[in-house]
Peer 1: 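The structure follows.
Here is how names work: the chains are called A, B, and so on, in the same order as the sequence lines, proteins then strands, and each is numbered from 1.
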Amino acid sequence: MKEAIGEAMERGVLPKQQDLPNFTIEPPPQEEFGDFATNIAMVLARPMGKNPMQIANAIVQHLPPNDLVQKVEIAPPGFINFVLTDDWLHEAVKEAIERDEKFGHWDIGQGKKVQVEFVSANPTGPLQIGNARGGALGDAIANLLSAIGYKVEREYYINDVTMSTQVQNFGESLEARYLQLLGYDVPFPEEGYKGEYVVELAREIVNEYGNAFVELPPEERRRKFFELAREKIVAHHKSVLERFGIVYDNWVSEQWLYDSGRVARTIELLKQKGLTYEAEEALWMRTTDFGDLKDEVIVRRTGAPTYFASDIAYHLYKRERGYAFVVDVWGADHHGHVPRMHAALKALEIERDEEWLKVVIYQLVRLVKGGETVRLSKRAGEIVSLDDLLDWIGKDAARFFLLMRSADAHLDIDLDLAVKQSQENPVYYVQYAHARCCSIFREAEKRQHPALPEYRNADLRLLTDETERKLMKVIARFPELVKEAAEKFSPHLLTQFSIQVADRFHDFYERCRVLGEDVKLSAARLALVKATQVTLHNTLTLLGVSAPEAM
RNA sequence: GCGCCCGUAGCUCAGUCCGGAUAGAGCGCUGGCCUGCGGAGCCAGAGGUCCUGGGUUCAAGUCCCAGCGGGCGCGCCA
């Protein structure tokens, strides 16, 4: 392309330009227009002061000959459309078959170590639907980064600091339930955690330890309760997340950051660097010097460090471990935390332009039941837990559904519908397509079809039906899509893509009989089915959804 | 009041980063297709002020400005 423009400029057909502006070469919106299209002539119209159609003409006249290009057309207002020979489609099919599980994988990350941290809930209750979204997102992002060549670690940060308000409150709730179970008439804290699971935890403690804690001083008793509950809850979180298909490499405790002295050292470091000042009996950090909207307290009047302080310590700990970059997946209710974290990291010269900490914010999930929005509050005990969700619709549907929209979009789940109509979830449509691919191979084997041993060397030029070409095209797009989804931290692109692949496969399947009389054609079609199967398998795997061979 | 996200088909949402041709999908709706490798499927159709108003541009769902509507933040909570 550049050659053609250069040539045209040399010959004086086009005015000379120093630099070419950015232009695009991409598949056009309508497939009839061709395989690829470029807007270069229109982009050049302004600097050259010429009509885009004339420029396009000049470029096309000077295009170097190329075996891959079958036809070049100019369309108003100035697009240049290329129709390629089908070689590139055939290459994609071959690549899918040959690379199999590695199809769509890249080496962009060059084995560099990165980290994705997600879910990271308070150990004060079951994981709920919002955590499920964070989980599905974080895990899929980790899969994607791994697919483009990074060495990815998954991390869970346990917000378990005993002096925190939430944890104190939780301890009081447990204490009240414990005493109530033993027959004491004690009031339940007004702001306490009202969920039934608190009663169950208290019951477990009663069963294991009887009335051993009744005589303890309340403060000690509450801490003991929380420690007992913490172990149970974290273990439970771990097992539910595994059920959801997520296995972490690291579990980091916030309390440990305190116990190991990291929080204290971090505060010292900030002081030494002159980034702090005292006001109103508290210690503040000058985050506004680094782009934050207001300064932040890092040590309270009471002497207790804030969550912000421990989070800086936590990110320093991440930094120590040598990650090329880290991804934090947070709910929208934490978005206010983003500018101050970046400010802190800039102040500590860990990053300059938000290139090290990548925060993915997902909008909260709204549940609709009986036509009404359900307000979720752990303390009020209105919880739809990840367990419940998995019981109702299963891992695959849950993950697919949670990854169907961009993280930016609010996600509505009608619970009645999710339960009742789970069979209509698109995940089944996609999985069915994959199972069908497998089924065709099973059938071929059963019949000992002569095309079966041939398909790896099939003559793909026999694939001439429109449905075959469309299917090949979508398969050919897969590697670029993986890259894009990984770089944008946007797994939903894959969800949308998988539906399209399934769609085109079903079209093809209806129109083209795979196992037929013509052995060469059957072999070519088997190759296409295999490539489809690989593409669907890899897409679903990246999403964390299983790709069943039979349903 | 300030900040972030969202506003596109009856519903739920892609597409906006990086402007481009006739704005897409799923569900729902209407009408067709079961003697074929899996009907958990396929085909056809109806359905749109891309929230509003300005601006930039040859070209705006996309960029800029001002509004409106919804969500979430703005704590010495996490």
Side-chain angles (χ1 to χ4, degrees), chain A residues 22-24 26 28-30 32-33 37-39 42-43 45-46 51-52 75-79 81 120-122 124 159 161 164-167 169 254 279-284 293-294 296-308 310-311 331-339 361-364 366 368 373 401 404-414 417 421 423-426 428-433 435-444 446-447 449 488 490 492-493 495-497 499-500 502-503 505-507 509-516 522 525-526 529 550-551:
Chain A
N22 288 332
F23 62 96
T24 59
E26 52 192 14
Q30 305 288 318
E32 301 80 65
F33 294 150
T38 178
N39 64 347
M42 287 176 288
V43 177
R46 170 158 282 256
N51 181 316
F79 289 102
N81 293 327
S120 299
N122 278 339
T124 55
N159 297 140
V161 172
S164 78
T165 314
Q166 279 84 345
V167 166
N169 182 6
E254 185 183 1
E280 301 166 57
E281 299 170 69
L283 187 69
W284 296 70
L293 294 166
K294 60 181 198 44
E296 301 290 337
V297 170
I298 56 172
V299 180
R300 299 178 182 93
R301 189 176 304 161
T302 60
T306 60
Y307 175 79
F308 180 47
S310 58
D311 217 19
D333 53 343
H334 285 65
H335 77 252
H337 195 53
V338 178
I361 296 290
Y362 61 90
Q363 297 300 311
L364 296 184
R366 213 165 34 184
V368 181
T373 302
F401 202 86
M404 271 178 59
R405 298 122 164 74
S406 79
D408 279 342
H410 294 273
L411 180 58
D412 272 16
I413 299 182
D414 186 327
L417 212 70
Q421 303 199 345
Q423 292 301 305
E424 276 136 65
N425 193 305
Y428 292 98
Y429 179 75
V430 176
Q431 288 181 320
Y432 180 72
R436 220 176 204 183
C437 291
C438 298
S439 161
I440 291 169
F441 272 87
R442 276 196 300 273
E443 183 68 23
K446 202 171 86 186
R447 292 194 204 164
H449 196 283
K488 289 177 170 175
S490 298
H492 77 278
L493 297 175
T495 324
Q496 309 279 336
F497 174 79
I499 293 169
Q500 201 184 4
D503 218 356
F505 173 69
H506 288 309
D507 277 352
Y509 177 87
E510 288 295 316
R511 180 108 155 234
C512 302
R513 193 177 170 78
V514 178
L515 303 173
S522 295
R525 287 181 173 165
L526 269 179
V529 172
M551 294 175 73

Peer 1: Mind checking A:Ala550 for me? I need base, sugar-phosphate or nothing, with any heavy atom below 4.0 Å counting as a touch.
Peer 2: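 Base, at least one base atom sits under 4.0 Å.
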
Peer 1: Sort out the partner of B:G26 for me: Watson-Crick or G-U wobble, both distances under 3.5 Å, none otherwise.
Peer 2: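 WC or wobble partner is B:C11.
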
Peer 1: Quick one: label A:Arg436 by what it contacts on the DNA or RNA (base, sugar-phosphate, nothing), any heavy atom closer than 4.0 Å.
Peer 2: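 Sugar-phosphate, backbone atoms only, no base.
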
Peer 1: Donor-acceptor pair, distance only, cut-off 3.5 Å: does the side chain of A:Glu296 make one with the backbone of A:Trp284?
Peer 2: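 No; judged by distance alone, with no hydrogens or angles, the pair does not exist.
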
Peer 1: Which base sits across from B:U35 as a Watson-Crick or G-U pair, both distances under 3.5 Å?
Peer 2: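 Check on B:U35: unpaired, no WC or wobble geometry under 3.5 Å.
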
Peer 1: For the pair A:His449 (side chain) and A:Gly516 (backbone), establish whether a donor and an acceptor sit closer than 3.5 Å, ignoring hydrogens and angles.
Peer 2: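 Yes; at least one donor-acceptor contact below 3.5 Å.
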
Peer 1: Between B:G41 and B:G36, how far apart are the C1' atoms? Round to whole Å, please.
Peer 2: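 It comes out at 14 Å once rounded to the nearest Å.
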
Peer 1: Measuring only the P atom in each nucleotide, how far is B:A60 from B:G20? A whole number of Å is fine.
Peer 2: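 Pairwise P distance, B:A60 against B:G20, rounds to 11 Å.
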
Peer 1: Can you find a heavy atom in the side chain of A:Phe79 that is under 4.5 Å from one in the side chain of A:Thr38?
Peer 2: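 A side-chain contact is absent here, since even the closest heavy-atom pair is not under 4.5 Å.
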
Peer 1: Across the strands shown, which category fits A:Arg447 at heavy-atom distances under 4.0 angstrom: base, sugar-phosphate, nothing?
Peer 2: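 Touches sugar-phosphate only.
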
Peer 1: With sugar-phosphate meaning primed atoms plus P, OP1 and OP2, does A:Ala433 contact a base, only sugar-phosphate, or nothing at under 4.0 Å between heavy atoms?
Peer 2: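 No contact at all - A:Ala433 keeps every heavy atom at 4.0 Å or more from the nucleic acid.
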
Peer 1: Does the base of B:A21 carry an N or O that pairs as donor and acceptor with the side chain of A:Asn81 under 3.5 Å?
Peer 2: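 Pair found.
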
Peer 1: When you compare B:C63 with B:G19, how far apart are their C1' atoms, in angstrom units rounded to a whole number?
Peer 2: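 After rounding to an integer number of Å, I get 7 Å for this pair.
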
Peer 1: Considering only atom P, compute the distance from B:G61 to B:U16 and round it to an integer number of Å.
Peer 2: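 Between the two P atoms, the distance is 14 Å.
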
Peer 1: Tell me yes or no: between the side chains of A:Thr124 and A:Gln166, is some donor less than 3.5 Å from an acceptor?
Peer 2: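 Result is no, nothing qualifies.
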
Peer 1: Quick one: look up who B:A78 pairs with, Watson-Crick or G-U, both distances under 3.5 Å, and put none if it's unpaired.
Peer 2: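 Looking at the geometry, B:A78 pairs with no nucleotide.
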
Peer 1: Pick the P atom in B:C17 and in B:C37, then give their distance to the nearest Å.
Peer 2: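 Taking atom P in both B:C17 and B:C37, they lie 48 Å apart.
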
Peer 1: Record whether the side chain of A:His410 comes under 3.5 Å of the base of B:G70 through a donor-acceptor pair of N or O atoms.
Peer 2: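 Counting by modelled atom types and ignoring angles, a donor-acceptor contact under 3.5 Å is found here.
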
Peer 1: Using both distances under 3.5 Å as the test, list the Watson-Crick or G-U wobble partner of B:U57, or none.
Peer 2: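 Pairing partner, where one exists within any strand: none, as none qualifies.
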
Peer 1: Determine, stepwise, if the pair A:Phe401 / A:Thr495 fulfils side chain to side chain contact (heavy atoms under 4.5 Å, CB included).
Peer 2: CA-CA 9 Å; A:Phe401 202 86; A:Thr495 324; over 6 Å; no

Peer 1: Can you find an N or O donor on one side and an acceptor on the other, under 3.5 Å apart, linking the side chain of A:His335 with the base of B:G3?
Peer 2: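 Flag set: donor-acceptor pair detected.
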
Peer 1: Think A:Arg300 has a side-chain N or O under 4.0 angstrom from the OP1 or OP2 of B:C77?
Peer 2: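 For B:C77, OP1 or OP2 has a side-chain N or O of A:Arg300 closer than 4.0 Å.
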
Peer 1: By nearest nucleotide on RNA chain B, pick out whichever of A:Arg301 and A:Leu493 is the more 5' one.
Peer 2: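 Result of the comparison: A:Leu493.
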
Peer 1: Does a side-chain N or O of A:Tyr429 approach OP1 or OP2 of B:C42 to a distance below 4.0 Å, or not?
Peer 2: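 Yes, within the criterion.
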
Peer 1: Name the nucleic acid region contacted by A:Pro339, choosing base, sugar-phosphate or nothing; use a 4.0 angstrom heavy-atom cut-off, strictly under.
Peer 2: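 No contact.
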
Peer 1: A:Asp503 near the nucleic acid: base, sugar-phosphate alone, or nothing, with a heavy-atom cut-off under 4.0 Å?
Peer 2: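 Sugar-phosphate contact only.
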
Peer 1: Separation of A:His506 atom NE2 from B:G26 atom P, in whole Å?
Peer 2: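 Going from NE2 in A:His506 over to P in B:G26 covers 11 Å.
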
Peer 1: Output the rounded distance in Å from CG (A:Asn39) to C1' (B:A60).
Peer 2: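 One finds 15 Å between C1' of B:A60 and CG of A:Asn39, rounded.
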
Peer 1: Using a heavy-atom cut-off of 4.0 Å across all strands, would you classify A:Cys438 as base, sugar-phosphate, or nothing?
Peer 2: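 No contact.
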
Peer 1: Just by distance, do the side chain of A:Thr306 and the backbone of A:Val299 share a donor-acceptor pair under 3.5 Å?
Peer 2: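 It does not hold such a pair.
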
Peer 1: Under a 3.5 Å limit for both distances, which nucleotide forms a Watson-Crick or G-U wobble pair with B:G48, could you say?
Peer 2: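 Result: none.
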
Peer 1: Students often get this wrong, so: under 4.0 angstrom with heavy atoms, is A:Ser439 touching a base, only sugar-phosphate, or nothing?
Peer 2: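 It contacts base atoms.
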
Peer 1: Would you classify A:Glu254 as touching base, sugar-phosphate or nothing, given that sugar-phosphate means primed atoms plus P, OP1 and OP2, and contacts are heavy atoms under 4.0 Å?
Peer 2: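 It contacts sugar-phosphate atoms only.
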
Peer 1: Verify the contact: side-chain N or O of A:Thr495 to OP1 or OP2 of B:A14, cut-off strictly under 4.0 Å; return yes or no.
Peer 2: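 Checking B:A14 against A:Thr495, no side-chain N or O comes under 4.0 Å of OP1 or OP2.
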
Peer 1: When all nucleic acid strands are considered with a 4.0 Å heavy-atom cut-off, which category describes A:Ala75: base, sugar-phosphate, or nothing?
Peer 2: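 If one applies the 4.0 Å heavy-atom cut-off, A:Ala75 turns out to touch a base.
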
Peer 1: Syn or anti for B:C42? Use the chi torsion, O4'-C1'-N9-C4 for purines and O4'-C1'-N1-C2 for pyrimidines, with syn inside 90° of 0.
Peer 2: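 Chi for B:C42 falls in the anti range.
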
Peer 1: Which base sits across from B:G73 as a Watson-Crick or G-U pair, both distances under 3.5 Å?
Peer 2: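 Across all strands, the one nucleotide that pairs with B:G73 is B:C2.
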
Peer 1: Between B:G53 and B:G15, how far apart are the C1' atoms? Round to whole Å, please.
Peer 2: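 Rounded to whole Å, the distance is 24 Å.
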
Peer 1: Taking the nucleotide of RNA chain B with the nearest heavy atom to each, does A:Met404 or A:Ala282 sit closer to the 5' end?
Peer 2: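 The answer here is A:Met404.
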
Peer 1: What I want to check is whether an N or O donor and acceptor connect the side chain of A:Lys294 with the base of B:C74 at under 3.5 Å.
Peer 2: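 Answer is no: no donor-acceptor pair is held.
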
Peer 1: According to the interplanar angle, ranging from 0 to 90°, do the rings of A:Phe308 and A:His337 count as parallel (below 30°), tilted (30 to 60°) or perpendicular (above 60°)?
Peer 2: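 The rings of A:Phe308 and A:His337 stand perpendicular, inter-plane angle above 60°.
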
Peer 1: Under a 3.5 Å cut-off for both contacts, is B:A40 paired Watson-Crick or G-U wobble with anything, and if yes, with which nucleotide?
Peer 2: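 Per the H-bond distance test, none.
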
Peer 1: Can you tell me if A:His492 touches the phosphate of B:G15, counting only side-chain N or O atoms and a distance under 4.0 Å to OP1 or OP2?
Peer 2: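 Yes.
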
Peer 1: Looking at every strand, decide which applies to A:Ala444 at a 4.0 Å heavy-atom threshold: base, sugar-phosphate, or nothing.
Peer 2: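 Result for A:Ala444 = nothing.
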
Peer 1: Considering only atom P, compute the distance from B:G32 to B:G48 and round it to an integer number of Å.
Peer 2: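 About 24 Å, rounded to a whole number of Å.
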
Peer 1: Atom CZ of A:Phe401 to atom C1' of B:C11: distance rounded to whole Å?
Peer 2: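 My rounded result for the distance is 11 Å.
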
